[in-house]
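Working notes for the structure below.
Quick note: numbers below take in every heavy atom, side chains included, and nothing from hydrogens, waters or symmetry partners. One-based numbering along the sequence shown.
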Amino acid sequence: MITTTYQVQGMTCGHCATAVSTEVGAIPGVSDVQVDVAAGRVTVTSEGPLETDTVRSAVDEAGYSLVGA
């Protein structure tokens with residue numbers, strides 16, 4: 001298992017966390033998503049390395065911006 005933390009811009013509440021968690025959690029191979037709204041961090045546990053563009057697309061779909069991994 002691999003754990004990667006990403007910086008996400010624009011999250012402000014529990015709804016934001018749910019939206020990001022749902023979209024990122026739908027990526028094949030992802031087993032867990034933890035969102036820290038206050039810090040703007042999303043920690044993803046997956047079976048293997050994830051393409052940053054794949055995570056970026058999921059975060060974009062949720063309505064937020066991936067600003068760093």
Side-chain angles (χ1 to χ4, degrees):
M1 298 305 261
I2 294 176
T3 301
T4 309
T5 301
Y6 300 91
Q7 283 296 128
V8 176
Q9 188 173 35
M11 299 185 301
T12 58
C13 65
H15 176 266
C16 301
T18 300
V20 170
S21 183
T22 299
E23 292 296 334
V24 174
I27 298 171
V30 170
S31 59
D32 187 52
V33 180
Q34 297 294 319
V35 179
D36 182 340
V37 173
R41 286 193 295 262
V42 178
T43 302
V44 181
T45 304
S46 58
E47 295 172 1
L50 299 174
E51 292 290 331
T52 302
D53 286 343
T54 302
V55 178
R56 181 175 284 111
S57 292
V59 170
D60 286 349
E61 185 67 28
Y64 307 95
S65 300
L66 184 69
V67 293

| query | What's the verdict on side chain to side chain contact (heavy atoms under 4.5 Å, CB included) for Leu66 and Val42, showing C-alpha distance, side-chain angles and the deciding distance? | reply | CA-CA 10 Å; Leu66 184 69; Val42 178; over 6 Å; no
What pairs of donor and acceptor atoms, side-chain ones from residues 18-35 against any protein atom, are under 3.5 angstrom apart with sequence neighbours left out?
{"residue": "Thr18", "atom": "OG1", "partner": "Gly14", "partner atom": "O", "Å": "3.1"}
{"residue": "Thr22", "atom": "OG1", "partner": "Thr18", "partner atom": "O", "Å": "2.8"}
{"residue": "Ser31", "atom": "OG", "partner": "Thr45", "partner atom": "O", "Å": "3.3"}
{"residue": "Asp32", "atom": "OD1", "partner": "Gln34", "partner atom": "NE2", "Å": "3.2"}
{"residue": "Asp32", "atom": "OD2", "partner": "Gln34", "partner atom": "NE2", "Å": "3.1"}

If every non-hydrogen atom of [X] is compared with every non-hydrogen atom of [Y], which pair is closest and at what distance?
X	Y	value
Ala39	Gln7	O-NE2, 3.5 Å
Gln9	Tyr64	O-CB, 3.5 Å
Val37	Ala17	CG2-CB, 3.7 Å

| request: Could you tell me the separation between the CG atom of Asp36 and the OG1 atom of Thr43, rounded to the nearest 0.5 Å? | output: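 Going from CG on Asp36 over to OG1 on Thr43, the span is 7.5 Å.
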| task | Sort and list the pairs that fulfil salt bridge (charged side-chain N to carboxylate O under 4.0 Å, His left out) and have at least one residue in residues 56-67, not counting sequence neighbours. | result | Asp53-Arg56
| task | Take Tyr6 and Val59, measure what side chain to side chain contact (heavy atoms under 4.5 Å, CB included) needs, and give me the verdict at the end. | result | CA-CA 10 Å; Tyr6 300 91; Val59 170; over 6 Å; no
| query | Residues two or more places apart in sequence or in another chain: which of them pass side-chain hydrogen bond (donor to acceptor under 3.5 Å, both in side chains) with Arg41? | reply |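 By the side-chain hydrogen bond (donor to acceptor under 3.5 Å, both in side chains) rule, Arg41 matches no residue at all.
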| request: Report the residues that fulfil side-chain hydrogen bond (donor to acceptor under 3.5 Å, both in side chains) with Thr12, sequence neighbours left out, ordered by chain and then residue number. | output: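 With neighbours one apart ignored, the set is empty.
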| Under the 3.5 angstrom rule, does the side chain of Ser65 hit a backbone N or O of Val67 as a donor-acceptor pair? | no
